[in-house]
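Every chain is numbered from 1 and lettered A, B, ... according to where its sequence line falls, protein lines coming before strand lines.
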Amino acid sequence: MTAENWDSVVDVASGILLAAGALLSLGAAIGMVRFPDLMSRMHAASKPQVLGMFLVLVALGLQLRTWVVWPVLLLAWLFQLLTVPISAHMISRAGYRTKHRHPELLSEDELAAVVAKAGEKKTAE
Amino acid sequence: MSPHRRKIRLLQEIPLLIWLVLVWAVLWQDFSPGTLLFGALLALAVTRVFYLPPVQLSGRFNVPRAALFTLEVLSRTAWASLQVTWVALVQGPKVRNAVLRVPLRSHSDLILTAVGHVSSWIPGSMVVDVDRSTSTLYLHALNVHTPQDAAKVRADVRRIEAKLILIMGSKAEVLRLKAEKAEQAGKVQA
């Protein structure tokens with residue numbers, strides 16, 4: 001294969017990856033509109049941040065065409081991987097204890113009793 | 001420094017120091033000795049000023065298993081992303097969820113954190129609360145209508161934990177896991 005051929009192969013591949021990453025964001029947006037409460041929306045919202053980010057970063061790496069950027073892109077993804085679950089956890093933890101808990105949307109809730117008990121202990125003190 | 005702080009041995013800190021030096025070099029996109037040396041100095045300074053309790057590593061890490069697990073997590077994330085989109089389209093406001101209690105086998109902070117992270121990466125489950133003293137995760141799971149769905153989510157998280165123990169758990173944990181598996185196999189046969 002000639003260099004030009006390779007160039008277009010890389011272009012097409014990164015195009016597909018970018019489109020796939022964007023589609024994940026679309027899926028997340030649909031989830032944000034359709035889901036009824038904070039917690040289920042969080043599932044949709046944290047979705048493109050793992051796989052979508054991965055696809056877009058790989059596309060970027062292919063397009064930039066130098067090997068030096070790959071470690072930087074990997075680092076960007078790793079930090080995203082480390083921080084996304086924590087922010088999702090903090091938001092849902094806070095949401096669960098405030099008006100964002102909707103028991104009618106839960107088929108099962110094994111945390112409610114634990115939180116209630118902890119609350120009782122606090123007021124007793 | 002307060003007298004209550006446990007002293008960390010340099011050996012325990014080395015993985016963290018190497019990681020910090022690597023981050024520094026990657027950010028500068030330069031791996032020359034000068035950058036690495038300055039990075040090492042900075043890493044030492046950072047770990048002295050921003051003190052954190054040491055991460056207790058088990059001393060074993062299975063690279064082939066870790067590589068397989070990474071591929072599995074990526075493919076499951078892709079599949080679960082499609083499922084969440086499908087649930088959003090089909091069920092939307094009628095979706096039912098559950099907050100489930102999943103007790104883990106391991107009491108290692110590292111495994112607990114890793115299981116929490118992996119189950120959060122895979123769309124459809126999210127950590128709402130953690131009880132560190134009993135090593136229990138409380139997960140919010142999307143699209144759980146029946147107790148069978150709930151049991152599936154719990155078993156899934158326990159399976160992720162088993163895989164992580166096989167990758168980087170301590171020897172004692174691996175032995176306990178093997179004993180548990182043997183017991184289950186015995187029950188199935190009997």
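Both the backbone and the side chain of B/Val23 come within contact range of chain A, each with at least one heavy atom under 4.5 Å from a heavy atom of that chain. Using a 4.5 Å cut-off between heavy atoms, B/Trp19 contacts chain A through its side chain alone, with no backbone atom that close. Interface residue A/Leu24: only side-chain heavy atoms are found under 4.5 Å from chain B. Interface remark: A/Val50 contributes side-chain atoms only to the contact with chain B (heavy atom separation under 4.5 Å). Using a 4.5 Å cut-off between heavy atoms, B/Ser125 touches chain A through its backbone atoms (N, CA, C, O) alone. Using a 4.5 Å cut-off between heavy atoms, B/Val90 contacts chain A through its backbone alone, with no side-chain atom that close. In this structure, chain A has no heavy atom under 4.5 Å from any part of B/Ala25. For A/Gln49, no part lies under 4.5 angstrom from a heavy atom of chain B.
Of all the listed residues (A/Ser40, A/Ala88, A/Gly27), the one sharing the greatest number of non-hydrogen pairs under 4.5 Å with chain B is A/Ser40. When B/Leu27, B/Thr146, B/Val144 are compared by the number of non-hydrogen pairs under 4.5 Å with chain A, B/Val144 comes out ahead. Among the candidates A/Asp109, A/Leu81, A/Val68, the residue making the largest number of heavy-atom pairs closer than 4.5 Å to chain B is A/Leu81. Heavy-atom pairs under 4.5 Å with chain A peak, among B/Pro147, B/Gly124, B/Ala80, at B/Gly124. Comparing A/Ala94, A/Pro103, A/Gly95, A/Pro36 by how many heavy-atom pairs each has under 4.5 Å with chain B, the most go to A/Pro36.
Under a 4.5 Å side-chain heavy-atom cut-off, the cluster of Ile, Leu, Val, Met, Phe, Trp and Tyr residues that includes B/Val99 is completed by A/Leu38, A/Met39, A/Met42, A/Ile91, A/Tyr96, A/Leu106, A/Leu111, A/Val114, A/Val115, B/Met126, B/Val128, B/Tyr138.
Other residues, nucleotides and ligands place no more than 12 heavy atoms under 6.0 Å from the CZ atom of B/Arg132. The environment of CD in B/Glu183 is sparse: at most 12 heavy-atom neighbours from other residues, nucleotides or ligands sit within 6.0 Å.
Here the straight-line distance linking atom OG of A/Ser92 with atom CG of B/Leu139 works out to 9.5 Å at 0.5 Å rounding. Rounding to the nearest 0.5 Å places CG of B/Asn97 at 6.0 Å from CG of A/Asp37. To the nearest 0.5 Å, atom CG of residue B/Leu22 and atom CG of residue A/Leu74 are 10.5 Å apart. Atom CH2 of B/Trp121 is separated from atom CG of A/Leu82 by 7.0 Å, given to the nearest 0.5 angstrom. Note: B/Asp149 CG to A/Ser107 OG = 7.5 Å, rounded to the nearest 0.5 Å. Note: A/Leu55 CG to B/Ser81 OG = 9.0 Å, rounded to the nearest 0.5 Å.
Nearest approach of B/Leu89 to A/Arg34, heavy atoms of both residues: O-NH2, 2.9 Å. When all heavy atoms are compared, the tightest approach of A/Ile30 to B/Ala88 is CG2-CB, 4.3 Å.
Using a 4.5 Å cut-off between side-chain heavy atoms of Ile, Leu, Val, Met, Phe, Trp and Tyr, with links allowed through other members, A/Val33 and B/Leu142 fall into different hydrophobic clusters. Taken together through direct or relayed side-chain contacts under 4.5 Å among Ile, Leu, Val, Met, Phe, Trp and Tyr, B/Phe31 and B/Leu37 form parts of separate hydrophobic clusters. Each of A/Trp70 and A/Leu18 belongs to its own hydrophobic cluster when Ile, Leu, Val, Met, Phe, Trp and Tyr are linked at side-chain heavy-atom distances under 4.5 angstrom. Tracing side-chain contacts under 4.5 Å through hydrophobic residues (I, L, V, M, F, W, Y), one never reaches A/Trp67 starting from B/Trp28; they form parts of separate clusters. Using a 4.5 Å cut-off between side-chain heavy atoms of Ile, Leu, Val, Met, Phe, Trp and Tyr, with links allowed through other members, A/Phe79 and A/Val69 fall into the same hydrophobic cluster.
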Counting only pairs under 3.5 Å, give me each side-chain donor-acceptor contact of residues 155-167 of chain B, with atom names and distances, residues two or more places apart or in other chains.
residue  : atom : partner  : partner atom : Å
B/Asp156 : OD1  : B/Arg159 : NH1          : 3.1
B/Asp156 : OD2  : B/Arg76  : NH2          : 2.7
B/Arg158 : NH1  : B/Pro103 : O            : 2.7
B/Glu161 : OE1  : B/Arg105 : N            : 3.1
B/Glu161 : OE1  : B/Arg105 : NH1          : 3.1
B/Glu161 : OE2  : B/Arg105 : N            : 2.9
B/Glu161 : OE2  : B/Ser106 : N            : 2.7
B/Lys163 : NZ   : B/Glu72  : OE1          : 2.9
B/Lys163 : NZ   : B/Glu72  : OE2          : 3.4

Might you work through the salt bridge (charged side-chain N to carboxylate O under 4.0 Å, His left out) test for B/Asp129 and A/Arg97, ending with a clear yes or no?
CA-CA 11 Å; B/Asp129 223 322; A/Arg97 285 164 170 75; 2.5 Å; yes
Should A/Leu105 and B/Val95 be marked as a side chain to side chain contact (heavy atoms under 4.5 Å, CB included) after you check the CA-CA gap, both sets of side-chain angles, and the distance that decides it?
CA-CA 7 Å; A/Leu105 291 172; B/Val95 73; 5.7 Å; no
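The side-chain heavy atoms of A/Phe35 and B/Pro93, taken from C-beta on, include no pair separated by under 4.5 Å. Counting only heavy atoms from C-beta outward, the side chains of B/His117 and A/Ile86 approach each other to under 4.5 Å. Counting only heavy atoms from C-beta outward, the side chains of A/Phe54 and B/Leu74 approach each other to under 4.5 Å. Contact check for A/Val84 versus B/Ser120: no side-chain heavy atoms found under the 4.5 Å cut-off.
A donor-acceptor pair under 3.5 Å links the side-chain atoms of A/His89 to the main chain of B/Val127, judged by distance alone.
Of the charged side-chain nitrogens involved, none lies within less than 4.0 Å of a carboxylate oxygen, so that A/Glu108 and B/Arg96 do not count as a salt-bridged pair.
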